[in-house]
Participant: 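Take this structure, written in structure tokens, and hold onto it; I'll ask about it next.
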Amino acid sequence: MRIVSLAGGIGGARFLRGLRAAAPDAEITVIGNTGDDITLFGLRVCPDLDTVMYTLGGGINPEQGWGRDGESHVVKAELAAYGVEPQWFGLGDKDFATHIVRTQMLGAGYPLSAVTEALSARWNPGVRLIPMTDDRAETHVVIEDDRGRRAIHFQEWWVRLRASVPARQIILVGAEDAKPAPGVIEAIRDADVVVLPPSNPVVSIGTILQIPGIRDALHEKVVVGVSPIIGGAPVRGMADACLTAIGVETSAQAVLELYGSRLVDGWLVAEQDAGVALDGVRVQARPLLMTDLDATTDLARAALELAR
Ligand code: GDP
Ligand code: CA
């Protein structure tokens, strides 16, 4: 069986661990979100790709859900001692090594997809991880504060401001000119089923869907997914602030409508959202909390069964 999954960071990566366990013989291709990518201290950082890679490769900080296990922060402290900004983005020493290798390879002319493949070789994630695009397409957020109306990088809004300032607009800068990375459209075309993890519907999955060609390719496939919203709130993080920015209510029903029946064929919601319905979509209620690997594997299995 060939499975394609689209993934953001923590929610995507956790789900993928369950998917890999639920379908051990399947060939799984993961299309990763790169809208969160940012250049810091001259280094290219791809937070969502790394979260997937570290989580599936056993190198993640399990409490935090991102970054490396057993991490130290000597470089960060030294940069701060020089007064170098930004100081709000937490990069650990082991993590720095990943970004150094990536930046070196990009500088040598390799596309991000080739770099990601090379980095993944160390981690053996058990899936093929491809960035959504090799082109630069970064999410920016339009905010309004005492300095007026301006666009800031998604990470500044998410990490520094903790999404506390309302987003007027969320824009994937460069989306129109971006092409899917090599292998993305082919993987979708060859897939028996496409699974959407409970990743952020706006700035993770919504971003991937904005790369020209990806959504159209998905319309031809059986697509099943898992609600990131349970009982009117995100399970973790600030997805509600992203949904509000695009005028969508934070509810399981509204998120399913946002994806729509053209894209989605089957959808899993939490038991308390059992009333959710949309014409043309098979909706089932299941325990949706990815509390441990067993629960997550059951969830992934339910998604695959829904696709049958
Ligand atoms: P990020 O890039 O690190 O923000 O991660 P993702 O976009 O992949 O996933 C974030 C989303 O995962 C959030 O909107 C959460 O609501 C959702 N999420 C996190 N944990 C769970 C869980 O246990 N169950 C479900 N259904 N959703 C979850
Ligand atoms: Ca992310």
Side-chain angles (χ1 to χ4, degrees), residues 5-19 30-38 45-56 60-67 89-90 129 131-132 137-141 153-159 162-163 170 172 195-209 224-246 248 250-252 254-256 258-259 267-273 276 283-300 302-303:
S5 191
L6 314 188
I10 302 179
R14 290 216 166 126
F15 180 80
L16 288 169
R17 283 185 68 215
L19 184 64
V30 177
I31 300 167
N33 172 40
T34 55
D36 292 15
D37 293 8
I38 186 166
V45 180
C46 303
D48 286 359
L49 294 181
D50 290 348
T51 296
V52 169
M53 192 170 77
Y54 295 157
T55 301
L56 296 181
I60 198 79
N61 175 330
E63 287 80 43
Q64 216 169 240
W66 54 272
F89 202 85
L129 175 62
M132 64 187 192
E138 286 178 5
T139 305
H140 280 67
V141 178
H153 192 284
F154 169 73
Q155 296 294 357
E156 188 174 356
W157 182 64
W158 193 253
V159 177
R162 309 284 313 150
I170 298 180
L172 183 63
V195 184
L196 304 183
S199 283
N200 189 309
V202 183
V203 296
S204 292
I205 304 225
T207 307
I208 300 170
L209 293 174
V224 294
V226 179
S227 178
I229 303 298
I230 298 182
V235 179
R236 189 192 154 116
M238 298 135 335
D240 48 335
C242 302
L243 288 165
T244 303
I246 62 162
V248 173
T250 302
S251 70
V255 169
L256 175 56
L258 170 68
Y259 284 125
W267 198 245
L268 294 178
V269 297
E271 282 146 326
Q272 66 256 52
D273 295 314
V276 169
V283 181
Q284 271 179 15
R286 282 279 180 287
L288 289 201
L289 284 180
M290 301 188 286
T291 40
D292 55 28
L293 183 57
D294 283 345
T296 312
T297 307
D298 287 345
L299 177 58

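Numbering of ligands and ligand atoms starts at 1, following listing order. All heavy atoms count here, side chains included; hydrogens, waters and symmetry mates do not. Note that the structure is a prediction, hence the values are computed from the model and not measured.
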Participant: Taking only residues two or more places apart in sequence or in another chain, which ones pass side chain to side chain contact (heavy atoms under 4.5 Å, CB included) with T296?
Facilitator: M290
Participant: What protein N/O/S atoms lie closer than 3.0 Å to the Ca ion (ligand 2)?
Facilitator: D36 OD2, D48 OD1, D48 OD2
Participant: Which residues satisfy the side chain to side chain contact (heavy atoms under 4.5 Å, CB included) test with A302, sequence neighbours excluded?
Facilitator: L268, R286
Participant: Enumerate the pairs of nitrogen or oxygen atoms, one from ligand 1 and one from the protein, separated by less than 3.5 angstrom; state names and distance to 0.1 Å.
Facilitator:
| residue | atom | partner | partner atom | Å |
| --- | --- | --- | --- | --- |
| ligand 1 | 2 (O) | G9 | N | 2.8 |
| ligand 1 | 2 (O) | D48 | OD1 | 3.2 |
| ligand 1 | 3 (O) | I10 | N | 2.8 |
| ligand 1 | 5 (O) | G9 | N | 3.3 |
| ligand 1 | 5 (O) | I10 | N | 3.0 |
| ligand 1 | 5 (O) | G11 | N | 3.4 |
| ligand 1 | 7 (O) | N200 | N | 2.8 |
| ligand 1 | 7 (O) | S204 | OG | 2.6 |
| ligand 1 | 8 (O) | G9 | N | 3.0 |
| ligand 1 | 8 (O) | G11 | N | 3.3 |
| ligand 1 | 8 (O) | G12 | N | 2.8 |
| ligand 1 | 8 (O) | S199 | OG | 2.6 |
| ligand 1 | 9 (O) | G11 | N | 3.2 |
| ligand 1 | 12 (O) | P198 | O | 2.8 |
| ligand 1 | 16 (O) | P228 | O | 2.8 |
| ligand 1 | 16 (O) | V235 | N | 2.9 |
| ligand 1 | 23 (O) | M290 | N | 2.8 |
| ligand 1 | 24 (N) | L288 | O | 2.7 |
| ligand 1 | 26 (N) | S227 | O | 2.9 |
| ligand 1 | 26 (N) | L288 | O | 3.3 |

Participant: Answer yes or no: is there a side-chain heavy-atom contact under 4.5 Å between Y259 and I205?
Facilitator: yes
Participant: Quick one: does P228's side chain get under 4.5 Å of F15's, heavy atoms only?
Facilitator: no
Participant: For the pair N33 (side chain) and V203 (backbone), establish whether a donor and an acceptor sit closer than 3.5 Å, ignoring hydrogens and angles.
Facilitator: yes
Participant: Is the closest side-chain heavy-atom distance between E138 and F154 below 4.5 Å?
Facilitator: no
Participant: Examine distances only and state if a side-chain atom of D273 and a backbone atom of G231 form a donor-acceptor pair shorter than 3.5 Å.
Facilitator: yes
Participant: State, with a plain yes or no, whether a side-chain heavy atom of L288 is found less than 4.5 Å away from one of P198.
Facilitator: no
Participant: Is there a side-chain contact between L16 and S5 in this structure, where contact means two heavy atoms from C-beta onward sitting under 4.5 Å apart?
Facilitator: yes
